Engineer: 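Would you mind keeping the following structure in view while I ask a few things?
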Amino acid sequence: MRIATWNVNSVRARQQRLINWLKSSQPDVLCLQELKCTDADFPFDAVKEAGYFAAVHGQKTYNGVAILAKTEPTDVIRGLSDGVDDTHARFISATVNGIRVVSAYAPNGQQVDSPAYVYKLEWYRRLRNYLDTRHKPDDLVVMGGDWNIAPDPIDVYDVAQWEGQTLFTLRERDALQQVCAFGLTDAFRKLYPDVQKFSWWDYRMLMFPKNKGVRIDHLFLTAPLVPRLTACDVDREERKGQQPSDHAPVWLELKD
């Protein structure tokens, strides 16, 4: 079973790239982030023609997440469902082939100590509460997304430059660690503890050709799925070409 995650950075602007990638890579499940469109504007027909069902939680202009799958997702939940008045479409979960799949688009945080940064830390606290409320550590769960946090020094191209910057502050990294402490394993880091690969590169200053990126797109697994993990990688090729997303897809494979 191949599960992938991709911040597509506008599904309408990159619709053909999405369809082409679905056809060439054939993931069983794809978690999408930053759709930047409402449910009504999502390209359901094109996705269906490519062989996928879609569960969507959209938002005009900003945010938006989806789960695409070859078998129809069931028991779809949109949002963290914790009673908080939050209009941001950042979270969707569904069951696909017996596995609970999450697609999450964590807040960016903007500037350290800004209201957006405070919201980001609170969102992570709410996410941990969601897991504690809805799941047990031995449930079959895969969480894919743009988490907007580089977990460790190896996940940024220049530690000195990134130290204290949003996406890499100690408070953000601790917030992600608190979520993972529920019982989640970083699929890529499990297989490659010492390999440096990135999933996001700024459009500016030739950052992609220079490979000056960060790893902020992750796939997390609960413990029962870890023994089934056989592969995980970043599809760096998809960051190339005309009008790419600034993120590359990340995928994993689970044996039956």
Side-chain angles (χ1 to χ4, degrees), residues 5-13 30-44 54-68 73-96 100-137 139 141-149 151 165-184 200 216-220 222 247:
T5 185
W6 188 12
N7 179 323
V8 73
N9 191 15
S10 177
V11 70
R12 288 182 294 176
L30 174 60
C31 302
L32 288 177
Q33 301 86 41
E34 213 169 349
L35 304 179
K36 295 184 177 179
C37 73
T38 62
D39 291 18
D41 290 331
F42 186 84
F44 285 99
V56 178
H57 183 28
Q59 182 176 347
K60 185 177 181 180
T61 308
Y62 303 103
N63 307 320
V65 287
I67 296 172
L68 278 52
T74 60
D75 301 321
V76 178
I77 296 177
R78 296 170 175 84
L80 291 170
S81 304
D82 56 2
V84 175
D85 185 15
D86 187 348
T87 60
H88 294 201
R90 296 187 175 277
F91 185 93
I92 188 170
S93 64
T95 299
V96 182
R100 193 67 185 172
V101 177
V102 166
S103 179
Y105 177 43
N108 175 276
Q110 299 177 5
Q111 298 297 318
V112 176
D113 291 329
S114 68
Y117 184 86
V118 174
Y119 167 70
K120 180 177 188 174
L121 297 180
E122 176 62 12
W123 186 89
Y124 268 96
R125 187 199 65 77
R126 292 170 57 205
L127 177 58
R128 175 58 197 264
N129 183 66
Y130 175 93
L131 290 170
D132 288 336
T133 302
R134 298 266 180 173
H135 291 290
K136 301 183 296 295
D139 287 348
V141 181
V142 174
M143 298 180 63
D146 172 4
W147 300 94
N148 268 314
I149 295 174
Q165 301 298 313
T166 308
L167 310 187
F168 192 60
T169 64
L170 289 176
R171 280 180 285 173
E172 290 168 287
R173 291 156 63 189
D174 180 67
L176 180 56
Q177 288 174 2
Q178 291 300 315
V179 170
C180 290
F182 169 79
L184 300 173
W200 176 83
I216 56 176
D217 301 270
H218 312 298
L219 287 158
F220 297 113
T222 49
H247 296 253

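Worth knowing before you read on, the calculation uses all heavy atoms, side chains too, and leaves out hydrogens, waters and symmetry mates. Quick caveat: nothing in here was measured; it's all calculated off a predicted structure.
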Engineer: If we ignore hydrogens and angles and just use 3.5 Å, is the side chain of Glu34 paired with the main-chain N or O of Asn9 as donor and acceptor?
Structural biologist: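 Judged by distance alone, no pair lies under 3.5 Å.
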Engineer: Check the pair Ser81, Arg134 against side-chain contact (heavy atoms from CB on, under 4.5 Å), reporting the backbone distance first and the verdict last.
Structural biologist: CA-CA 10 Å; Ser81 304; Arg134 298 266 180 173; 3.3 Å; yes
Engineer: Under a 4.5 Å cut-off applied to non-hydrogen side-chain atoms, are Tyr117 and Thr169 in contact?
Structural biologist: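 The answer is yes, as the side chains (C-beta and beyond) meet within the 4.5 Å cut-off.
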Engineer: Output every pair passing salt bridge (charged side-chain N to carboxylate O under 4.0 Å, His left out) with a member in residues 74-83, not counting sequence neighbours, ordered by first then second residue.
Structural biologist: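 Salt bridge (charged side-chain N to carboxylate O under 4.0 Å, His left out) check on residues 74-83 returns Asp82-Arg126.
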Engineer: Which pairs pass salt bridge (charged side-chain N to carboxylate O under 4.0 Å, His left out) with one or both residues in residues 108-121, sequence neighbours excluded?
Structural biologist: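 Of all non-adjacent pairs touching residues 108-121, those that pass salt bridge (charged side-chain N to carboxylate O under 4.0 Å, His left out) are Asp113-Arg171, Lys120-Glu172.
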Engineer: Kindly say whether Leu32 contributes a backbone atom to a donor-acceptor pair with the side chain of Ser103 at under 3.5 angstrom?
Structural biologist: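 Judged by distance alone, yes, a pair lies under 3.5 Å.
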Engineer: Let's go through Leu131 and Leu184 carefully: what are the C-alpha distance in whole Å and the side-chain angles of both, what is the deciding distance for side-chain contact (heavy atoms from CB on, under 4.5 Å) to 0.1 Å, and is it a yes or a no?
Structural biologist: CA-CA 10 Å; Leu131 290 170; Leu184 300 173; 4.1 Å; yes
Engineer: Does the pair Asn108 and Leu167 meet the rule for a side-chain contact (heavy atoms from CB on, under 4.5 Å), with working shown?
Structural biologist: CA-CA 7 Å; Asn108 175 276; Leu167 310 187; 4.0 Å; yes
Engineer: Work out which heavy atom in Phe44 is nearest to a heavy atom in Ala54; give both atom names and the distance.
Structural biologist: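 Smallest heavy-atom distance, with atoms named: CE2-O, 3.7 Å.
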Engineer: Looking at Ala89 and Gln59, what are the two nearest heavy atoms and their distance?
Structural biologist: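 In this case the closest contact between Ala89 and Gln59 is N-OE1, 2.8 Å.
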Engineer: Answer yes or no: is there a side-chain heavy-atom contact under 4.5 Å between Asp41 and Lys60?
Structural biologist: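 No; the side chains remain at least 4.5 Å from each other.
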Engineer: State whether the side chain of Ser114 and the backbone N or O of Gly109 hold a donor-acceptor pair below 3.5 Å, judged by distance alone.
Structural biologist: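 Side chain of Ser114 to backbone of Gly109: a pair is present.
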Engineer: Above 12 or not: heavy atoms from other molecules or residues under 6.0 Å from CD of Glu122?
Structural biologist: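 Atom CD in Glu122 is packed in, count exceeds 12.
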Engineer: Within this structure, what is the CG-CG distance for the pair Leu121 and Leu176, rounded to the nearest 0.5 Å?
Structural biologist: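 If we round to the nearest 0.5 Å, Leu121:CG and Leu176:CG are 11.5 Å apart.
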Engineer: Over all heavy atoms of both residues, which pair between Ala94 and Val76 is shortest? Give the atoms and the distance, please.
Structural biologist: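 Heavy-atom minimum between the residues: CB-CG2, 3.9 Å.
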Engineer: Which heavy atom of Cys37 sits nearest a heavy atom of Arg12, and at what distance?
Structural biologist: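 Looks like CB-NE, 3.7 Å.
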Engineer: Tell me, do Val56 and Leu35 make a side-chain contact under 4.5 Å, heavy atoms counted?
Structural biologist: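 The answer is yes, as the side chains (C-beta and beyond) meet within the 4.5 Å cut-off.
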Engineer: How about Phe182: does its CZ atom have over 12 heavy atoms from other parts shown lying under 6.0 Å from it?
Structural biologist: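 Yes, the 6.0 Å shell around CZ holds more than 12 heavy atoms from other groups.
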Engineer: What about the rings of His88 and Tyr119, do their centers lie closer together than 6.0 Å?
Structural biologist: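 Distance test on ring centres: under 6.0 Å, yes.
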Engineer: Closest approach of Gly144 and Thr5, non-hydrogen atoms and distance?
Structural biologist: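 Minimum heavy-atom separation between Gly144 and Thr5: C-OG1, 3.6 Å.
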Engineer: Do Leu80 and Trp123 have side-chain heavy atoms sitting under 4.5 Å apart?
Structural biologist: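 The answer is yes, as the side chains (C-beta and beyond) meet within the 4.5 Å cut-off.
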Engineer: Determine, stepwise, if the pair Gln110 / Thr166 fulfils side-chain hydrogen bond (donor to acceptor under 3.5 Å, both in side chains).
Structural biologist: CA-CA 7 Å; Gln110 299 177 5; Thr166 308; over 6 Å; no
Engineer: So, the side chain of Thr222 versus the backbone of Asp139: is there a donor-acceptor pair under 3.5 Å, distance only?
Structural biologist: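 Side chain of Thr222 to backbone of Asp139, a donor-acceptor pair under 3.5 Å: yes, one is there.
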Engineer: Hey, could you give me the OG1/CG distance between Thr87 and Asp85, rounded to the nearest 0.5 Å?
Structural biologist: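 Rounded to the nearest 0.5 Å, the OG1-CG separation comes out at 7.0 Å.
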Engineer: Identify the heavy atoms of Cys31 and Val102 that sit nearest to each other, and give their distance.
Structural biologist: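 Looking at all heavy atoms of both residues, the shortest contact is SG-O, 3.4 Å.
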Engineer: When you measure from the side chain of Trp147 to the backbone N and O of Ala106, does any donor-acceptor pair fall under 3.5 Å?
Structural biologist: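 Here the side-chain-to-backbone pair does not exist.
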Engineer: Is the closest side-chain heavy-atom distance between Asn148 and Tyr124 below 4.5 Å?
Structural biologist: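 They are not in contact (no side-chain heavy atoms under 4.5 Å apart), so the answer is no.
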Engineer: Can you check whether Tyr105's main-chain N or O pairs, donor with acceptor, with Arg90's side chain at less than 3.5 Å?
Structural biologist: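 Flag set: sc Arg90 to bb Tyr105 pair under 3.5 Å.
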Engineer: As an exercise, state the distance from CE of Met143 to SG of Cys180, rounded to the nearest 0.5 Å.
Structural biologist: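 Nearest 0.5 Å value for the CE-SG distance: 8.0 Å.
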Engineer: What's the separation between atom CG in Asn129 and atom CD in Gln178, rounded to the nearest 0.5 Å?
Structural biologist: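 Answer for the CG-CD pair, Asn129 versus Gln178, is 13.0 Å.
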Engineer: So, do Arg100 and Ile77 sit near enough that their side-chain heavy atoms are less than 4.5 Å apart?
Structural biologist: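 Yes - at least one pair of side-chain heavy atoms lies under 4.5 Å apart.
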Engineer: With a 4.5 Å cut-off on side-chain heavy atoms, are Val11 and Lys36 touching?
Structural biologist: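 Side-chain contact under 4.5 Å: no.
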Engineer: Look at the rings of Phe91 and Tyr130 and say which category their plane angle falls in: under 30° parallel, 30 to 60° tilted, over 60° perpendicular.
Structural biologist: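 If you compare the ring of Phe91 with that of Tyr130, the planes turn out perpendicular.
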